[in-house]
There are 2 protein chains.
Amino acid sequence: MKKVKLNEIARAAGVSRSTVSLALRGSPLIAKPTAERVREAAQQLGYVYNRTAAALRNRKTHTIGLVEANFKNPFFAAMSESVEREIELRDKALLFVDSAESLERQQKAIQLMLEHGVDGILLCPVKHTTPEHLEILKKAGVPFVLFSRYIPRFDADYVGAANVEGAYQAVRRMIQLGHRKIVFVGGEPFTSPWLDRVKGFKKAMQEAGIELSTHWYFCSEVSVAGGASKVDEVLQIQSTPTAALCYSDTVAFGFMLGLERRGIRPGRDFAVVGFDDLPESKLWRPPLATLACPPSRVGSMATRMLIERLDGDEGPPRRVEIQSILVHRESLCPVMEHGSGITRIDE
Amino acid sequence: MKKVKLNEIARAAGVSRSTVSLALRGSPLIAKPTAERVREAAQQLGYVYNRTAAALRNRKTHTIGLVEANFKNPFFAAMSESVEREIELRDKALLFVDSAESLERQQKAIQLMLEHGVDGILLCPVKHTTPEHLEILKKAGVPFVLFSRYIPRFDADYVGAANVEGAYQAVRRMIQLGHRKIVFVGGEPFTSPWLDRVKGFKKAMQEAGIELSTHWYFCSEVSVAGGASKVDEVLQIQSTPTAALCYSDTVAFGFMLGLERRGIRPGRDFAVVGFDDLPESKLWRPPLATLACPPSRVGSMATRMLIERLDGDEGPPRRVEIQSILVHRESLCPVMEHGSGITRIDE
DNA sequence: GTGTATAATTAAATCGGTCTAATTGGAGGA
DNA sequence: TCCTCCAATTAGACCGATTTAATTATACAC
């Protein structure tokens with residue numbers, strides 16, 4: 001049970017500790033037969049490489065920090081998966097924290113990562129994160145890449161979806177389909193994707209000369225429950241909306257379930273569009289129209305950008321937007337010809 | 001940008017490195033005013049504690065390894081969240097790997113964790129894991145706890161749901177409601193929860209003297225798509241089933257969506273029960289009956305068991321089963337009185 | 001046979017805290 | 001004044017691998 005170290009191997013193989021170290025790392029300095037002998041001895045003794053010791057000397061832990069803001073969201077889960085793949089390929093490890101939309105937790109996580117000496121950090125900042133909160137990362141000199149969310153007026157590497165453009169596309173299509181009363185449902189305000197999606201939404205409405213109603217956006221937790229919880233509020237608007245752009249597919253699912261509960265059929269009585277194109281979106285009844293921006297692309301792009309930084313890329317910060325493509329499915333229906341077709345339960 | 005270390009602080013505070021170390025860790029050996037002075041100097045200089053260096057000396061990394069088998073499953077995501085909470089409380093870090101149901105990846109993950117010197121490991125073994133695969137953990141002397149899945153004939157700490165009992169309850173209720181043709185849908189075979197759920201299923205059927213049809217179980221990926229993909233096969237059975245116990249809520253969602261697509265209404269024409277009681281299950285249309293076993297309970301229980309091991313608990317391995325409670329909701333309907341009520345598409 | 005170039009190996013310093021054993025300083029007692 | 005005792009502080013070995021500079025061994029040329 002006692003841990004085997006280089007010295008034991010050295011003794012067993014009849015060489016010095018230096019030789020063992022070099023041999024195990026595959027250094028060309030060591031003669032082949034010697035290296036082979038060393039490797040066998042290590043194997044024999046059940047040697048386990050001690051990365052901690054190596055890290056101390058190397059000033060490299062071969063560890064990447066991943067700080068998620070909300071990983072119960074399936075989009076982030078899928079993203080994390082691709083991050084993992086990229087990390088695994090490079091024989092690195094992932095230090096993981098879900099800040100769960102808590103600024104305090106995020107800051108503690110960052111501190112933790114710094115203390116562990118991660119080589120780099122992938123961060124999706126929680127709402128209300130300011131440049132000052134992230135200044136510590138720059139001071140510490142740790143390479144980091146923001147993903148999914150950026151911080152205004154904070155110059156840093158970033159990879160995320162083209163949110164303004166995506167929302168704009170979706171709303172334009174809704175308008176083409178005859179909708180005029182459109183709302184934006186769900187999402188955490190004070191995050192860049194929310195602001196950008198709302199921006200794209202407004203832009204499309206303004207270009208079409210459509211006035212926004214007094215209440216035209218509704219914030220919520222990004223989840224099925226969050227979407228479901230907003231249905232009543234939306235239906236209480238003076239002149240009932242006929243379409244909703246939802247912050248995410250999960251929100252859209254909840255919203256559709258809520259509509260159905262009120263006897264309103266999404267995809268016929270009410271148009272719904274989400275964001276993310278989750279695998280189940282096309283299986284829904286009705287299939288959910290959505291803005292597709294593959295989470296795996298975001299994840300692997302962010303990871304690769306970070307790796308390049310680790311490899312010494314000193315260029316100015318880069319901002320990469322990944323295209324959001326509108327996937328038109330049944331839930332995105334035209335407006336009903338004669339009246340709204342909606343029977344309000346409370347009437 | 002240069003890293004501040006104990007020596008710098010020592011110089012600044014006019015004390016020795018030892019004093020700084022002791023002071024920062026809050027040792028009672030150091031006089032209060034001195035400790036305060038040291039802490040201020042550290043603060044001033046922007047010192048970041050180097051856990052790697054400490055770990056080398058301490059033989060403790062304050063790091064826990066979490067190896068998931070399938071964390072795209074929301075149940076695991078929720079579980080991981082509670083693991084994180086417990087870990088965070090104790091100021092430890094999480095080294096995370098999703099083995100994604102790949103044995104090779106799992107073994108590589110275990111190796112990685114050992115090399116990083118994690119203090120303990122939480123592991124949900126992938127299918128086909130044998131005692132031999134995990135022997136390395138025992139040899140290495142690293143405390144570990146299995147969660148959600150156990151390995152037959154492998155004596156180790158384990159926390160998971162009461163699967164046999166849960167499935168048994170569900171099927172008994174189905175039988176009480178008049179169902180006779182019942183199938184088990186979804187899930188990865190060769191994992192203990194699958195085997196146990198199938199076992200409970202069989203037990204209830206046998207006790208009721210109901211014969212199982214030739215094809216009565218259907219394996220699938222644990223996801224909405226997995227559930228949806230099995231609908232056709234289920235409906236092709238000679239005498240059409242009237243009820244399905246699904247491996248998970250996600251599978252049940254997919255299965256229900258598939259049924260609807262075929263014009264069969266779950267909760268009226270077909271009874272469906274899932275496992276997990278996800279937050280959205282009660283929001284579904286119809287609300288999904290399910291076996292509830294809070295993922296947060298599993299996660300925090302497993303983590304605490306591991307922590308106790310780290311704290312020196314040397315007792316024999318413990319197996320903890322967390323009760324699964326049948327939550328009766330609309331999707332668990334009685335069998336239709338006159339005929340199956342199902343119009344088969346292919347007839 | 002000697003000298004030199006080259007290949008293979010190794011000694012030893014190093015990474016940054018930790019912690020025990022040793023040292024120092026000051027209070028109090030005789 | 002000297003001694004004892006205890007509190008506060010510190011020197012220095014240590015954790016386990018890495019890596020450079022130094023050393024030894026080997027080959028080859030003349």
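Within every chain, numbering begins at 1; the chains are lettered A, B, ... in the order of the sequence lines, protein sequences first and strands thereafter. This one's a predicted model, so the numbers in the text were calculated from it and none came from an experiment. Any value given below was found using the heavy atoms of this structure, including those in side chains, with hydrogens, waters and symmetry copies removed.
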Discussion item. Based on the rotation axes of five pairs at each end, what angle does the helix from C:dG1-D:dC30 to C:dA30-D:dT1 bend through, to 10°?
Written reply: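 Answer rounded to 10°: the end axes differ by 60°.
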Discussion item. Using the side-chain hydrogen bond (donor to acceptor under 3.5 Å, both in side chains) criterion, which residues pair with B:Glu221? Sequence neighbours excluded.
Written reply: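 So B:Glu221 forms a side-chain hydrogen bond (donor to acceptor under 3.5 Å, both in side chains) with B:Ser223.
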Item to complete: Begin from the C-alpha positions of B:Ile110 and B:Leu134 and carry the test side-chain contact (heavy atoms from CB on, under 4.5 Å) through to its verdict.
Response: CA-CA 9 Å; B:Ile110 290 175; B:Leu134 302 186; 3.9 Å; yes
Should the heavy atoms of other residues, nucleotides or ligands under 6.0 Å from [atom1] of [X] be counted, would the total exceed 12?
X        : atom1 : value
B:Gln44  : CD    : no
A:Met301 : CE    : no
A:Lys92  : NZ    : yes

Item to complete: For the pair B:Gln106 (side chain) and B:Val126 (backbone), establish whether a donor and an acceptor sit closer than 3.5 Å, ignoring hydrogens and angles.
Response: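 Flag set: sc B:Gln106 to bb B:Val126 pair under 3.5 Å.
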Worksheet item: B:Arg90 side chain to B:Glu86 main-chain N or O, any donor-acceptor pair under 3.5 Å?
Response: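 The answer is yes, because a donor-acceptor pair under 3.5 Å joins these two groups.
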Practice prompt. Check salt bridge (charged side-chain N to carboxylate O under 4.0 Å, His left out) between B:Lys60 and all other residues, then give those that pass, not counting sequence neighbours.
Written response: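 None.
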Practice prompt. Using chain B heavy atoms and a threshold of under 4.0 Å, write down where along DNA chain C the contacts begin and end, 5' to 3'.
Written response: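 Contact span on the strand: C:dG16 to C:dC19.
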Discussion item. So A:Val15, base contact, sugar-phosphate only, or nothing? Heavy-atom distance under 4.0 Å.
Written reply: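 Result for A:Val15 = sugar-phosphate.
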Worksheet item: Which value, rounded to the nearest 0.5 Å, describes the distance between A:Thr61 atom OG1 and A:Asp119 atom CG?
Response: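 It comes to 4.0 Å.
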For residues 141-161 of chain A, tabulate all N or O donor-acceptor pairs below 3.5 Å that involve a side-chain atom, not counting sequence neighbours.
residue: A:Arg149; atom: NH1; partner: A:Glu101; partner atom: OE2; Å: 2.9
residue: A:Arg149; atom: NH1; partner: A:Pro125; partner atom: O; Å: 3.0
residue: A:Arg149; atom: NH2; partner: A:Glu101; partner atom: OE1; Å: 3.0
residue: A:Tyr150; atom: OH; partner: A:Asp196; partner atom: OD1; Å: 3.1
residue: A:Tyr150; atom: OH; partner: A:Asp196; partner atom: OD2; Å: 2.9
residue: A:Asp157; atom: OD1; partner: A:Arg309; partner atom: NH2; Å: 2.9
residue: A:Asp157; atom: OD1; partner: A:Arg318; partner atom: N; Å: 2.7
residue: A:Asp157; atom: OD2; partner: A:Arg309; partner atom: NE; Å: 2.6
residue: A:Asp157; atom: OD2; partner: A:Arg309; partner atom: NH2; Å: 3.3

Fill in: Protein-to-nucleotide contact annotation, 5' to 3' order, nucleotides 16-26 of chain D [B base; S sugar-phosphate only; - none; under 4.0 Å, heavy atom]
BBBB-------
